[in-house]
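As the structure lists them, so they are numbered: ligands from 1, and atoms in each ligand from 1.
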Amino acid sequence: MQRDPKLPRANHRPPHFHYFRRLSRLVCLVAAIVLCAVAPGRPAFAAPGAETHPPRTLRDATAGLFTIGVGISDRIPERPADWPLLTAQFRAVTPENCLKPNPVQVTEGDFNFTLADAFVNFAVSNQLPVVGHCLVWAKDDRTPPWFYRDGTNVASRELLLQRMKTHIDTVAGRYRGRIAMWDVVNEALDDGTNFLRPSGWTAACGEEFIGKAFAFAHAADPQAQLIYNDYNNELSGKREKLIRLVRLLREQKAPLHAIGLQGHYEIDRLPLVELETTLAAMRELGVKVVVSELDIDVIPRSRWWADGGKYRDELAKLDPYRDGCPPDILQRQADQYAQLFRLFRKYSDVIARVSFWNLHDGQSWLNGFPWQRVNYPLLFDRKGKPKPAFDAVIKALN
Ligand code: GLA
């Protein structure tokens, strides 16, 4: 089984580990400076192909820092045109949809693994560890409705937990040893004033369903690394809930190995300070972080939800970069990606993995969500060619 080397199961590295790692980096840096000084005329950043040059792939640039991954179409095994970019740049893959509860078990007992089997076989044969996403999605519109029903009644706590166990046993058990990491629970924290988002899960089981999901996942695959995944949990409103959840799971002795910050950002609105506060808080708690679904939308979307959705008609027609993204926007995006990756590098003792959500701009979900527009949120353009943001990220990691 391929494991993410930066994400330990239970033990955390002793404090002196980080000290020695920093010391060894310092020694390497000094050695590099000395080498440059004794080799006059050799530029610090030479052209590709020269004897010394900066890494040209995300894989190389992130080596020793964190695993670089990507959420990718379920259909990747049938898309050979995407394979070179994927395997040259990334070290881990998350299937975009095929392991979610709805596609896997849309009616009770009727499991469908056609796409997931092909995806996992493809990933294993390309030595790409898989992130399974996700065993429980704590949102009613993302949970097959039968889960919550018992005939005409609402399912009891016992029935719901038994269904959860069957689902997790069947899915995580099927890929035991072949799926390295699982997003066990997705999006359970409430955006409003509650601790947890009200759902069929909380109605029947209260807070305990999250810990149960982790226990079932661990029993189904004791080697898998188990993640709690959510959006906006780096922001102050949800950070406190995240911290509370980590403490709660600890009290329950739930096998939580990392928390996932989805990282769906918008240009000019990167929450860098808040994000750093969350990373520091997770470091303090001794819990690892994965940035699980990273992108930077160049057409800010927050107004879609503002003021009861009153801007939606206007926004639905907004498609400003239909004929191409202006260079100044691409440059701003590049600068902001660089800021982000400098922060990730600073917290590389805490961050185990950074995964983008989709391979290139043409495949991004943000072309269709929350409305249809031509978007440019990733590091590679529609032809799979590096954008200014790619160069900026490579430089930021150097
Ligand atoms: C959320 C989910 C993902 C995916 C993205 C958008 O972040 O966790 O599975 O659906 O939204 O595509």
### Query
Is there any salt bridge (Lys or Arg N to Asp or Glu O under 4.0 Å) pair reaching into residues 96-116, and which pairs are they, with sequence neighbours excluded?
Glu108-Arg163

#### Entry: NZ/NE/NH1/NH2 to OD/OE distance under 4.0 Å, Lys387 and Asp361
yes

### Query
Taking the inter-plane angle between the rings of Trp201 and Tyr148 on a 0 to 90° scale, is it parallel (under 30°), tilted (30 to 60°) or perpendicular (over 60°)?
perpendicular

### Query
Any side-chain donor paired with an acceptor under 3.5 Å for Arg353 and Ser355?
yes

### Message
Test: salt bridge (Lys or Arg N to Asp or Glu O under 4.0 Å). Region: residues 300-312. Which pairs qualify, not counting sequence neighbours?
### Response
Asp297-Arg301, Arg303-Glu314

#### Entry: Pairwise salt bridge (Lys or Arg N to Asp or Glu O under 4.0 Å) hits with a residue in residues 135-151, at least two apart
Lys139-Glu187

### Task
With a 4.0 angstrom cut-off on heavy atoms, strictly below it, pick out the residues next to ligand 1 and order them by chain and number.
Lys100, His133, Trp137, Asn186, Glu187, Gln262, His264, Glu293, Trp357, Trp365

